[in-house]
Amino acid sequence: MSLLGSIFKSYRKKSASVAKERLQVLVALERSSRAGMPDYLTELQEDIFQVLAKYFPVERDQVKVQVEHQDGCEFLELNVPIVELEAGGGYTIRTQTQSA
Amino acid sequence: MAKVIVVTSGKGGVGKTTTSASFAVGLAQKGFRTVVIDFDVGLRNLDLIMGCERRVVYDFINVIHDDANLSQALIKDKRVENLYILAASQTRDKDALTMEGVESIIMELKKSFDYIICDSPAGIEKGAFMAMYFADEALIVTNPEVSSVRDADRILGLLDAKTFRAKNGDEPVRQHLLVTRYVPSRVEKGEMLGVNDINDILNVPLLGVIPESTQVLQSSNAGLPVILEAGTSAAQAYEDAVCRIAGENRPMRFLQERKPSLLQRIFGGG
């Protein structure tokens with residue numbers, strides 16, 4: 001190895017700290033995506049549909065519930081487009097609940 | 001009260017079966033009535049590591065299917081008192097392992113044992129799920145490799161969500177981290193993830209560190225759980241970890257490179 005090469009090699013990051021950084025990023029990402037798909041979401045979705053269906057003509061698959069991540073916060077996002085049968089127009093319920 | 005401990009990892013080849021065997025022996029040696037169950041249906045190997053492969057007549061699935069009763073299927077260890085092995089079936093039918101079957105066997109074993117060690121198969125398929133489902137505590141085995149640490153984290157997610165305790169809102173499965181194949185000199189050189197690094201990533205209390213040891217392969221060659229090779233570093237590390245899981249306080253060892261003593265240099269070993 002050339003002298004220059006060996007100097008650069010000594011400046012290169014140790015592989016263990018590279019491994020740690022990569023894993024920290026990956027694990028954080030995978031944990032948050034796990035948290036975004038918990039079993040309760042499907043149940044919550046169904047419950048919300050049942051309640052809304054009492055008041056509005058709404059289709060089951062139009063009730064969308066998901067967990068979003070932004071700036072270190074988790075947002076529960078509920079999205080339900082409701083079409084008024086007579087008027088032809090529509091309106092949407094949008095709500096965001098913030099949890100730590 | 002009997003305790004069910006699952007030995008799990010996600011990744012294969014990190015030392016689940018070696019750990020299950022040594023923990024079962026260690027707990028039995030401490031006087032606890034212990035049974036170790038192989039959950040790897042189709043690829044049983046615990047019997048080989050425990051050195052009782054020629055004594056398997058009935059297995060786990062035979063008991064589930066009522067082809068044999070538990071006392072016929074339990075293999076009594078010849079070296080250690082209080083220790084029994086339940087072998088996995090070699091059937092290729094993975095669905096042979098039913099939730100109801102596993103539950104009834106574990107409930108039955110709880111009546112007469114202090115510790116039930118469940119040796120999980122690799123992966124996150126049915127066998128791994130069954131092995132962890134009824135656990136009170138979990139030993140997460142990982143070595144200092146990126147793939148192994150990542151897979152361990154996936155298992156942590158399953159333990160938090162897919163076990164009996166999680167589903168019933170009971171106190172969560174108590175998690176312990178066991179790091180295997182550890183080489184302190186490589187950690188010092190920055191070539192290998194250290195226990196603190198792994199802990200920063202996984203955030204699970206460290207139960208023990210098993211140093212890389214040539215003895216592990218030799219013990220499995222002989223069908224002798226490595227903890228029985230008294231005096232070797234791997235055996236000492238497993239003894240420590242067993243004591244800790246039983247509630248004793250033991251300082252961590254094998255985190256630094258040991259300089260061989262003059263005697264060891266002359267006579268070898270270590």
Side-chain angles (χ1 to χ4, degrees), chain A residues 1-50 63-78 97-100, chain B residues 9-11 14 124 129 132-133 140 142-169 172 175 177 179 181-204 206 209 212 255 257:
Chain A
M1 189 184 283
S2 68
L3 179 65
L4 211 61
S6 63
I7 290 171
F8 275 116
K9 188 168 184 265
S10 65
Y11 278 114
R12 212 167 54 196
K13 245 183 189 164
K14 300 278 196 216
S15 71
S17 56
V18 175
K20 185 179 181 182
E21 278 173 28
R22 289 174 64 213
L23 277 169
Q24 275 177 325
V25 171
L26 187 64
V27 164
L29 211 68
E30 288 183 343
R31 282 189 182 181
S32 65
S33 75
R34 276 207 298 268
M37 288 299 293
D39 291 345
Y40 74 79
L41 272 193
T42 2
E43 286 171 38
L44 181 65
Q45 193 164 340
E46 177 63 23
D47 287 350
I48 289 171
F49 164 73
Q50 297 286 352
V63 179
K64 297 251 162 56
V65 183
Q66 52 190 353
V67 177
E68 296 278 324
H69 296 268
Q70 216 175 352
D71 305 325
C73 284
E74 278 187 356
F75 293 91
L76 181 68
E77 191 174 297
L78 169 64
T97 314
Q98 188 178 336
S99 71
Chain B
S9 70
K11 187 141 168 35
V14 297
I124 47 174
F129 169 65
M132 71 167 67
Y133 193 76
I140 295 105
T142 180
N143 60 25
E145 271 179 47
V146 284
S147 48
S148 160
V149 176
R150 180 204 208 165
D151 290 357
D153 188 65
R154 298 214 48 195
I155 289 292
L156 293 176
L158 292 180
L159 286 166
D160 284 335
K162 301 279 184 194
T163 54
F164 180 85
R165 280 174 174 269
K167 300 230 171 195
N168 286 275
Q175 299 166 346
L177 183 68
V179 179
R181 307 202 67 169
Y182 200 67
V183 187
S185 62
R186 301 196 71 185
V187 174
E188 279 158 31
K189 280 188 211 146
E191 294 176 1
M192 181 182 270
L193 287 167
V195 279
N196 294 333
D197 300 324
I198 298 175
N199 228 321
D200 285 347
I201 297 158
L202 295 178
N203 199 17
V204 173
L206 182 69
V209 177
E212 173 81 72
L255 294 178
E257 187 63 20

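If you're wondering where the values come from, they're calculated on a predicted model, not measured in any experiment. Just so it is clear: chains get the letters A, B, ... in the order the sequence lines come, proteins before strands, and each one is counted from 1.
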| task | Quick one: list whatever passes side chain to side chain donor-acceptor pair (under 3.5 Å) with A:Lys20, sequence neighbours left out. | result |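 Result, side chain to side chain donor-acceptor pair (under 3.5 Å) vs A:Lys20: B:Asp197, B:Asp200.
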Of all heavy-atom pairs between A:Lys14 and B:Gly190, which one has the smallest distance, and what is that distance?
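Looks like CB-O, 3.4 Å.
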Distance, nearest 0.5 Å, that separates CG of B:Asn203 from CZ of A:Arg31:
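B:Asn203 CG to A:Arg31 CZ: 6.5 Å, rounded to 0.5 Å.
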I need the B:Leu193 CG to A:Leu23 CG distance, nearest 0.5 Å.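 Going from the CG atom of B:Leu193 to the CG atom of A:Leu23 covers 6.0 Å.
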**Prompt:** Can you check whether A:Leu26 reaches B:Val146 side chain to side chain, under 4.5 Å on heavy atoms?
**Reply:**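 No; the side chains remain at least 4.5 Å from each other.
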Checklist line | Residues which pass salt bridge (charged side-chain N to carboxylate O under 4.0 Å, His left out) with B:Glu145, listed by chain and number, not counting sequence neighbours | finding: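 In terms of salt bridge (charged side-chain N to carboxylate O under 4.0 Å, His left out), with neighbours along the sequence ignored, B:Glu145 is linked to no residue.
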Item checked: Heavy-atom neighbours of B:Arg154 CZ exceed 12 at 6.0 Å ->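 Incorrect, the count does not exceed 12.
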